[in-house]
Amino acid sequence: MIAPDRMKFCSECGSPRVEWRVPEGDSVPRELCMACGAIHYRNPKIVVGCLATWGDRVLLCRRAIEPRQGLWTLPAGFMENGETIAAGAARETLEEAQAEVDVGELYVVISLPQISQVYMMFRSRLLEPVFGPGPESLEVRLFDEDEIPWERIAFRTIVRTLRSYFLDRRDGAFPLRVSALERRARLAPDLSGAA
Ligand SMILES: [Zn+2]
């Protein structure tokens, strides 16, 4: 169980007396306001995006914002309230790459338990080869497989998605790929035993 960045003040009553403990009748620790009794439930966030193609080429965006500014990624971002995962993936692709897509099948689901996120990536086709950088991108372009800047990809989730895609494309089949990415051992002394 990973504690999120701790709430400084209760959002119900404004008290700073928010403690990290297991509420009565619950099984996991939560932020509990000792002043008003409010229990602040926080659950994982869903990141939705598209592996969008035009012919054999894949659409990548170079990030204009931190984290990983200047590195390449697939268009993806946090799902908004009130939308479906497919609509969120299309919205993110429009926002970051100014590209309209026909959202296809859900292809990659990656759990990131250390940061309480779940990535959900769809295979998609560009409606037209029309795209450009949205406010969060420096540059958007199509890449052939042998042009992918593997050393300059922003996130491990995106590397995994792209590697799966090119392998599966050789086989001509795209089964749903469900996996998890744990923190690297060297960054997790609690797992390796090293201080
Ligand atoms: Zn409170």
Side-chain angles (χ1 to χ4, degrees), residues 43-182:
N43 297 94
K45 288 189 167 152
I46 296 175
V47 176
V48 288
C50 284
L51 192 160
T53 54
W54 180 256
D56 281 345
R57 290 180 295 164
V58 173
L59 190 73
L60 296 181
C61 307
R62 200 153 72 83
R63 292 174 61 79
I65 55 170
E66 295 293 350
R68 315 291 166 85
Q69 185 178 7
L71 301 187
W72 292 90
T73 189
L74 294 168
F78 290 117
M79 191 176 178
E80 296 290 355
N81 295 327
E83 72 183 357
T84 64
I85 53 175
R91 176 184 50 73
E92 288 291 339
T93 306
L94 188 59
E95 287 176 5
E96 296 186 2
Q98 298 183 1
E100 291 193 59
V101 288
D102 178 15
V103 177
E105 289 175 31
L106 180 62
Y107 175 50
V108 167
V109 177
I110 304 175
S111 293
L112 299 158
Q114 302 284 348
I115 54 170
S116 294
Q117 292 181 7
V118 180
Y119 264 65
M120 305 187 86
M121 304 298 293
F122 288 83
R123 287 192 300 121
S124 304
R125 285 176 205 281
L126 293 175
L127 297 183
E128 299 174 275
V130 174
F131 49 83
E136 296 182 5
S137 303
L138 295 169
E139 186 182 353
V140 176
R141 57 164 281 204
L142 290 165
F143 287 85
D144 278 315
E145 180 177 357
D146 61 7
E147 298 175 320
I148 298 286
W150 292 108
E151 302 307 315
R152 310 224 0 109
I153 300 294
F155 304 106
R156 293 165 72 205
T157 49
I158 303 302
V159 170
R160 181 173 288 188
T161 302
L162 288 168
R163 289 208 189 282
S164 295
Y165 176 74
F166 292 122
L167 286 170
D168 287 342
R169 192 167 75 175
R170 257 162 245 161
D171 295 339
F174 297 94
L176 179 63
R177 299 288 181 188
V178 179
S179 66
L181 267 176
E182 309 285 343

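Computed from a predicted structure; not experimentally measured.
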K.L.:
If you count heavy atoms of other groups shown closer than 6.0 angstrom to CD of Glu66, is the number above 12?
P.N.:
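Counting neighbours around CD of Glu66, more than 12 heavy atoms of other residues, nucleotides or ligands fall under 6.0 Å, so yes.
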
K.L.:
Decide yes or no on side-chain contact (heavy atoms from CB on, under 4.5 Å) for Leu126 and Leu142, but give the supporting numbers first.
P.N.:
CA-CA 11 Å; Leu126 293 175; Leu142 290 165; 4.0 Å; yes

K.L.:
Could you give the distance from CD1 (Ile65) to CD (Glu136), rounded to the nearest 0.5 Å?
P.N.:
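Taking CD1 in Ile65 and CD in Glu136, the distance rounds to 4.0 Å.
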
K.L.:
Which residues pass the ring pair (Phe, Tyr, Trp, His ring centres under 6.0 Å) test with Tyr165, sequence neighbours left out?
P.N.:
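Partners of Tyr165 under the ring pair (Phe, Tyr, Trp, His ring centres under 6.0 Å) test: Phe174.
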
K.L.:
With rounding to the nearest 0.5 angstrom, report the OG to CD1 distance, Ser116 to Ile46.
P.N.:
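That separation rounds to 12.0 Å.
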
K.L.:
I'd like a table of donor-acceptor pairs (distance under 3.5 Å, sequence neighbours excluded) in which one partner is a side-chain atom from residues 68-80, with atom names and distances.
P.N.:
{"from": "Arg68", "atom 1": "NH1", "to": "Ala154", "atom 2": "O", "distance (Å)": "2.5"}
{"from": "Gln69", "atom 1": "NE2", "to": "Ala64", "atom 2": "O", "distance (Å)": "3.2"}

K.L.:
For the residue pair Leu138 and Pro133, establish whether any side-chain heavy-atom pair is separated by less than 4.5 Å.
P.N.:
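Counting from C-beta outward, Leu138 and Pro133 never come under 4.5 Å.
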
K.L.:
Has Asp146 got more than 12 heavy atoms of other residues, nucleotides or ligands less than 6.0 Å from its CG?
P.N.:
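Check passes, neighbour count above 12.
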
K.L.:
Quick check on Glu95: does its CD atom have over 12 non-hydrogen neighbours (other residues, nucleotides or ligands) under 6.0 Å away?
P.N.:
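More than 12 within 6.0 Å, yes.
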
K.L.:
Any chance you could measure Leu181, atom CG, to Tyr119, atom OH, to the nearest 0.5 Å?
P.N.:
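Spacing of CG (Leu181) from OH (Tyr119) equals 10.0 Å.
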
K.L.:
What is the distance from atom CZ of Arg123 to atom CG of Leu176, rounded to the nearest 0.5 Å?
P.N.:
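These two atoms lie 10.5 Å from each other.
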
K.L.:
Look up atom OG1 in Thr161 and atom CZ in Arg177, then write down how far apart they are to the nearest 0.5 Å.
P.N.:
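If I round to the nearest 0.5 Å, the distance is 11.5 Å.
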
K.L.:
Taking CD in Glu105 as the centre, count heavy atoms belonging to other residues, nucleotides or ligands within less than 6.0 Å. Is the count above 12?
P.N.:
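Open: at most 12 neighbouring heavy atoms sit under 6.0 Å from CD of Glu105.
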
K.L.:
CZ/Arg141 to CG/Leu60 distance, rounded to the nearest 0.5 angstrom?
P.N.:
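Reported value, rounded in 0.5 Å steps: 8.5 Å.
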
